Amino acid sequence: MGFNGYLVLGRTQEAVTELFDFPPSAEMNVYEPADYPDGWRVMGLRPYPNENLIGDDQVRHVADITGAPALVCHVFLSDYAIVRGCAPGGEVWSAELNVRLAVEAGVLEEFGVTQDDDGLTAAEWQECVDAVTARWEADRARMLDHALSWAAAAGHEVDPAGVMEVVSGTDTYAEVAVHNLFRSLGVRIPPA
């Protein structure tokens with residue numbers, strides 16, 4: 001069982017629990033923040049039970065109260081991650097990391113099938129994968145524009161191809177992909 005929780009990137013000295021308005025009943029393990037140059041901080045938390053506790057409004061709130069771009073990455077069992085980003089006063093954008101697993105999850109959600117389902121032919125499975133992948137590809141160009149704007153708002157000049165390489169990659173662990181995304185967006189996090 002891999003990491004299941006959130007990795008939050010912000011330019012702040014606040015604790016992660018002070019940045020979000022969690023319900024009083026939420027139980028979670030909070031990980032020590034890791035501080036990086038230029039005031040960046042990565043904070044981790046694992047809610048229990050594992051719930052989706054952080055929505056777009058909260059991501060926008062973090063960017064606005066810190067006065068700096070923020071990223072909130074929801075990692076699912078180290079398999080894939082949904083990243084939400086926002087610059088102060090901006091709109092929330094999202095990306096998925098480890099897209100093969102994200103596409104499989106999308107097929108399950110949209111069509112209610114998995115590759116191992118009895119009675120499903122390889123051609124039928126591929127049709128489902130192609131439909132979900134086509135939508136992901138269309139979203140990817142918009143995501144890249146948002147990610148580059150996020151980096152510019154943070155004062156970073158970045159290589160678009162490097163950002164796209166991370167988003168299109170298939171790292172073994174989604175939390176590794178998340179840290180690679182942070183680096184590709186100009187946050188100076190040393191390689192692990």
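Everything numeric here is computed off the predicted structure, so don't read it as measured data. All values below come from the heavy atoms of this structure, side chains included, with hydrogens, waters and symmetry mates left out.
- Considering every non-hydrogen atom in both Val75 and Ala174, the closest pair reads CG1-CB, 4.0 Å.
- In this structure, Ala95 and Met143 approach most closely via the heavy-atom pair CB-CG, 3.3 Å.
- Side chain of Ser184 to backbone of Leu181: a donor-acceptor contact under 3.5 angstrom is found.
- Glu91 CD to Ser149 OG: the interatomic distance, rounded to the nearest 0.5 Å, is 9.0 Å.
- Using a cutoff of 4.0 Å between basic side-chain nitrogens and carboxylate oxygens, Asp57 and Arg60 are scored as salt-bridged.
- Remark: Glu110 engages Arg135 in a salt bridge (charged side-chain N to carboxylate O under 4.0 Å, His left out) (not counting sequence neighbours).
- Going from atom CD of Glu175 over to atom CG of Asn4 covers 10.0 Å, rounded to the nearest 0.5 Å.
- With sequence neighbours left out, Asp117 forms a side-chain contact (heavy atoms from CB on, under 4.5 Å) with Val113, Thr114, Leu120.
- Within a 6.0 Å radius of CD in Glu109, no more than 12 heavy atoms belonging to other residues, nucleotides or ligands are found.
- Within 6.0 Å of the OH atom in Tyr36, the count of heavy atoms belonging to other residues, nucleotides or ligands exceeds 12.
- In this structure a side-chain-to-backbone donor-acceptor pair under 3.5 Å is missing from Arg46 to Gly5.
- Proximity of a side-chain donor or acceptor of Arg11 to a complementary backbone N or O of Pro69 within less than 3.5 Å is not detected.
- Qualifying ring-ring contact (aromatic ring centres under 6.0 Å, His included) partners for His179, counting only residues two or more places apart in sequence or in other chains: Phe182.
- Cluster annotation: Phe76 and Val176 are assigned to distinct hydrophobic clusters (Ile/Leu/Val/Met/Phe/Trp/Tyr, side-chain heavy-atom contacts under 4.5 Å, transitive).
- Considering every non-hydrogen atom in both Ala131 and Phe111, the closest pair reads CB-CZ, 4.1 Å.
- Separation of atoms CD (Gln126) and OG1 (Thr121) is listed at 10.5 Å; rounding is to 0.5 Å.
- Of all the heavy atoms in Val62 and Ala70, the pair that sits closest is CG1-CB, 3.7 Å.
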Criterion side-chain contact (heavy atoms from CB on, under 4.5 Å) on Thr12 and Ile65, from CA distance to verdict: CA-CA 9 Å; Thr12 180; Ile65 65 168; over 6 Å; no

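- Residues that satisfy the ring-ring contact (aromatic ring centres under 6.0 Å, His included) test with Phe20, not counting sequence neighbours, are Phe22.
- Taking CZ of Phe3 as the start and CG of Leu77 as the end, the distance is 10.5 Å to the nearest 0.5 Å.
- Taking SG of Cys128 as the reference point, atom CD of Gln115 lies at 11.0 Å (rounded to 0.5 Å).
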Starting from the C-alpha separation in whole Å, work towards a yes-or-no answer on side-chain contact (heavy atoms from CB on, under 4.5 Å) for Tyr31 and Leu7. CA-CA 9 Å; Tyr31 295 89; Leu7 294 171; over 6 Å; no

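- Taking a 6.0 Å sphere around CD of Glu165, one finds it holds 12 or fewer heavy atoms contributed by other residues, nucleotides or ligands.
- For Val178 against Cys73, the heavy-atom pair with the smallest separation is CG1-SG, 3.7 Å.
- Clustering ILVMFWY residues whenever any of their side-chain heavy atoms sit less than 4.5 angstrom apart, transitively, puts Val83 in a cluster other than the one holding Tyr173.
- In this view, Trp40 and Trp150, His156 satisfy the ring-ring contact (aromatic ring centres under 6.0 Å, His included) rule, not counting sequence neighbours.
- Closest heavy-atom contact between Arg183 and Pro191: NH2-CA, 3.5 Å.
- By the 4.5 Å heavy-atom criterion applied to side chains, Glu14 and Thr66 are not counted as neighbours.
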Going through the distances and angles, do Leu71 and Leu185 end up as a side-chain contact (heavy atoms from CB on, under 4.5 Å)? CA-CA 11 Å; Leu71 290 174; Leu185 293 174; 3.8 Å; yes

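- Across Val72, Val30, Thr17, Val16, a single residue satisfies side-chain contact (heavy atoms from CB on, under 4.5 Å) together with Met43, and that is Val16.
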Using the rule given for side-chain contact (heavy atoms from CB on, under 4.5 Å), can you reason through Val167 versus Leu144, listing the C-alpha separation, both sets of side-chain angles and the distance that settles it, and then say yes or no? CA-CA 9 Å; Val167 173; Leu144 180 60; over 6 Å; no

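- Note on residues 69-90: pairs passing salt bridge (charged side-chain N to carboxylate O under 4.0 Å, His left out), not counting sequence neighbours, are Asp56-Arg84.
- Here CD1 of Ile82 is found 12.5 Å from CD1 of Ile54. Values are rounded to the nearest 0.5 Å.
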